Amino acid sequence: MSVLRYAKYPFLKDAVAFISEQVDVQLQELGRDEFKPIVQRAVQRIQQALTNRRITTSSEELINYLCEVLSFPTAVAMVSAIDDPQLRSVYSLSEAKAAYGNLRDEDPKTVLAISRELGIRAEPAKEAISDFNLSLVDYLMYATNFHQKKWKPVNRTLIHGMVKVTQQELARILQEAIQRHIYQKTSAKVTMGDFPDSIAEEVVGIKRNWEKVKETMGFRAAAVDDAANRPPCIRRMIERLEKGEHLSHTERFALTTYLANSGRTIDDILGLYSTSPDFNPARTEYQVKHLAGQTGSRTKYKPPKCTTMKTQGICPDGDELCEKIRHPLQYPLAKSDRGDRAGGGC
Amino acid sequence: MNGKSLNFVKNAFSRYYSSKETWTPKEMERREFGFFLGKEKVMLRHRSFKGREELSNFLVQQAPLDVYYSVATYDHPEWDMSEKGWRNADIVFDIDADHLEIECKVEHDIWICGACSKEGKGPKPTKCPSCGKGEIAEITWICDKCLGLAKQEVYKLTEVLQDDFGIPDEKVSVYFSGHRGYHVQVQESLSSIDQTARKEIVDYMTGTGIDPSLHGLSYGGGLEPSERLSAGWGTRIIRSIYEITKDMRSPGEEGKDSLLARRKQRMLEDLMRGKLDALSKMMNRKKFDALLASAINRTAIRVDPVVTTDIHRLFRLPETLNSKTGFSKMAASSERLASFDPLTDSIVLRGNSREVRIRSAPRFRLIDEWYGPYHDEKVSLPQEVAILLICKGAADIVD
């Protein structure tokens, strides 16, 4: 692989091996003047992740490949020292997105070489040079995270355990693999004391900046359940219970966990089941408490994702809001968002 | 089942377990075992066994009514669920006749109201139509028709496992469950994949979330040349459309050279090449979509989604007895599947006649004999038939 490729894909083992043959830099030495450009570029990598959610590399940076490659492990060490899973996630995604941009148009041989290094079994498809066959196990490992329906195995050509993908799709799968790979790398045990003072100051600066960014990312708590904000699946189950109809085990699991995760008390939930034809107060109370994390292992169970409920055949035809969400607990939030907007216009 | 009947059944189970070598799974010592010892609904679980002999002794001494083992292997199978240390899990499929849309249910399934003893045929109502109470017991039966349909699903499943998933025949085991269906188990291949990936496998089998246009199958469309292969959903849908339309008869088609017959011939040839143009010219879009939907429905495989996605599932141990029938969970490997008759080949508790009092049972076949229908009568029946009726909750041993 050419040296420029190491600069494009600095996370590869080969890139690290190649560089360590040329220069051997320890963290403590990074304070030296000649390594200043490396540190600057490392800081810039993380800042780009925070502001653009993607690392960009200019052609000058690419040509200065030694600096470019070395700035990567330096940035990884800095992110590791800050030790925040969310930052690790943002940073690894930004690096992986940059790799995706390059891999889409990369020479197919390089794409295959990178796949191999990430443990992904792919081979060129015979029919077309730009297509690949990817092992189903590896496909399932990464593509199940993607939301678009074209990624569902049922919508792919699957023959003898191999899934056909285009180069762009393989690049997208590699992005996912690269993100996980870099996320793992940033779990290294690095402390502020491992850096020379000048670099430690830089890391403190990044951390301060990250705290600000993090505030704007705030994760929202689930909304409190009321009759008006329930998703169609939950609404239908409750209607059926009220009519005295029987719910299957999977439906009861979904309903109980939904209500327990949106502010309903054990008594509220028990009241709902009391109309069931085979209501057994003691057994139902035990089961509801177990799912709500109040007995046993104290695990509070979450309701299944929308796709799981579809698989189990307990998702009725959803409404237009359902298209925007992946999880029933997101429904009330989506509904209030829509309501807020509509209200704002009046 | 009263105490006397329970003893009778457990004695027969114990004799059976002492007469044969116990089947054991690979990596037996890493699996969790679970048992129903009596008729109460509490499972004895989190047990592990070092080897065949230890398990065998347990089966003979305790004569459990049902025996299960985990599809997963664990570091510590006997510890609490959260501490077990999951390693991997075989992929399993459950095909249950109860989940198929079949008419014979109405002929042989019975419900009885616990409050007023009112009886009826078919699926149980939520409330008793006579007294309005909800304590309704159900006695489901099986027949050649429903078990035959379940077997058809097994054929479809094993073909997809082999052709689409590339799993060799020797890694796929098929068993009659000992009651209403079949269990298909895949060894080693794919055993490391997580729950989300297993859900995708279920969706693949059941056709959940399929968009035929992503396979090139839309009005006037067709498969890409490279997709015209022997496997995959696109090919299977085309094959189903071919089978459906080949059997369709329309008026005016009788003569071999009639215009309609020639058009149909051209359409079938088109389908053989993976193309839908000629078919699309013969019908409007609405009819085309309906045909596509019924082709997908025909291609879909009815597996129980919950069983396959559960990576901690306890699954019935092969060659053990099913307390709902007294039949054995019996291997029906692919070369034997065609001639496998569940109502003969899984009957292992054959023996001398016993007198039983039967409450209610439809007419049914076991091995080569037909029995019933029975209603509130005393009958002397071969051991295997008496056990079936007792296990179904339809009869008890007479003193």
Side-chain angles (χ1 to χ4, degrees), chain A residues 125-128 131 133 135-146 148-164 240-241 243-251 253 275-280 283 296-299 304-315, chain B residues 41 80-83 99 124-128 133-136 160-168 189-216 223-227 229-235 300 304-306 308-309:
Chain A
K126 288 190 190 83
E127 305 87 41
D131 286 347
N133 287 328
S135 123
L136 174 68
V137 177
D138 298 330
Y139 183 87
L140 289 173
M141 178 105 80
Y142 300 106
T144 50
N145 275 358
F146 306 155
Q148 276 173 301
K149 57 186 177 180
K150 72 162 186 174
W151 290 105
K152 278 186 81 63
V154 72
N155 288 322
R156 313 293 313 187
T157 302
L158 171 64
I159 312 279
H160 298 308
M162 302 298 271
V163 184
K164 203 166 92 178
R240 286 177 44 216
L241 264 186
K243 273 194 249 163
E245 286 180 30
H246 177 82
L247 295 188
S248 71
H249 175 75
T250 46
E251 286 172 317
F253 179 87
T275 55
S276 182
D278 51 357
F279 180 61
N280 174 334
R283 197 166 64 199
S297 63
R298 308 268 157 187
T299 310
K305 286 186 286 191
C306 296
T307 52
T308 305
M309 289 174 61
K310 280 198 182 95
T311 304
Q312 293 174 340
I314 59 173
C315 161
Chain B
K41 288 254 170 194
D80 273 357
M81 219 58 227
S82 54
E83 315 274 309
H99 293 164
K124 71 169 184 180
T126 41
K127 279 180 192 155
C128 173
K133 296 218 169 106
E135 304 147 12
I136 294 171
V160 170
L161 285 174
Q162 203 164 357
D163 296 348
D164 297 15
F165 286 74
I167 297 167
S189 322
L190 299 169
S191 66
S192 61
I193 64 169
D194 66 9
Q195 223 150 352
T196 315
R198 281 166 207 250
K199 190 184 75 57
E200 290 299 337
I201 291 186
V202 170
D203 287 354
Y204 192 93
M205 299 306 176
T206 56
T208 305
I210 192 166
D211 180 347
S213 70
L214 290 168
H215 291 277
L223 298 178
E224 291 288 315
S226 62
E227 292 228 9
L229 298 152
S230 54
W233 257 97
T235 312
D304 182 336
V306 177
T308 307
T309 45

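Predicted, not measured: the structure shown is a model, and the values here were computed from it. Worth knowing before you read on, the calculation uses all heavy atoms, side chains too, and leaves out hydrogens, waters and symmetry mates.
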**Item:** Atom group of Ile210(B) that falls short of 4.5 Å from chain A, counting heavy atoms
**Value:** both
**Asked** What is the distance from atom CE of Met162(A) to atom CG of Asp164(B), rounded to the nearest 0.5 Å?
**Response** 14.0 Å
**Item:** Spatial distance of atom CG (Asp203(B)) from atom CG (Asn155(A)) [nearest 0.5 Å]
**Value:** 10.0 Å
**Request:** Taking the side chain as every heavy atom from C-beta outward, state whether Leu190(B) and Leu136(A) have any atom pair closer than 4.5 Å.
**Result:** yes
**Complete:** Highest number of heavy-atom pairs under 4.5 Å with chain A among Pro212(B), Gly209(B), Gly207(B), Ser192(B) belongs to Gly209(B)
**Asked** Quick one: does Asp163(B)'s side chain get under 4.5 Å of Ile159(A)'s, heavy atoms only?
**Response** no
**Spacing of Gln148(A) atom CD and Asp211(B) atom CG [to the nearest 0.5 Å]** = 12.0 Å
**Message:** Report which part of Thr250(A) has an atom under 4.5 Å of a heavy atom belonging to chain B: side chain, backbone, both, or neither.
**Reply:** side chain
**Message:** side chain to side chain contact (heavy atoms under 4.5 Å, CB included), that's the test. Do Thr196(B) and Thr307(A) meet it? Break it down for me.
**Reply:** CA-CA 9 Å; Thr196(B) 315; Thr307(A) 52; over 6 Å; no
**Asked** So which heavy atom on Lys152(A) is nearest to which on Glu200(B), and how close?
**Response** NZ-OE1, 3.0 Å
**Prompt:** Tell me, side chain or backbone of Thr299(A) under 4.5 Å from chain B's heavy atoms, or both, or neither?
**Reply:** neither
**Contacts of type ring pair (Phe, Tyr, Trp, His ring centres under 6.0 Å), residue Phe165(B), not counting sequence neighbours** = Tyr204(B)
**Item:** Contact origin within Gln195(B) toward chain A - heavy atom pairs under 4.5 Å
**Value:** neither
**Prompt:** Among His246(A), Lys310(A), Glu245(A), Lys149(A), which residue forms the greatest number of heavy-atom pairs with chain B at distances under 4.5 Å?
**Reply:** Lys149(A)
**Message:** Please check this pair: side chain of Asp194(B) against backbone of Leu140(A), looking for a donor-acceptor N/O pair closer than 3.5 Å.
**Reply:** no
**Item:** Atom group of Ile167(B) that falls short of 4.5 Å from chain A, counting heavy atoms
**Value:** neither
**Item:** Worked check of side chain to side chain contact (heavy atoms under 4.5 Å, CB included) between Val154(A) and Thr208(B)
**Value:** CA-CA 8 Å; Val154(A) 72; Thr208(B) 305; over 6 Å; no
**Item:** Side chain / backbone / both / neither for Leu158(A) at chain B, heavy atoms under 4.5 Å
**Value:** both
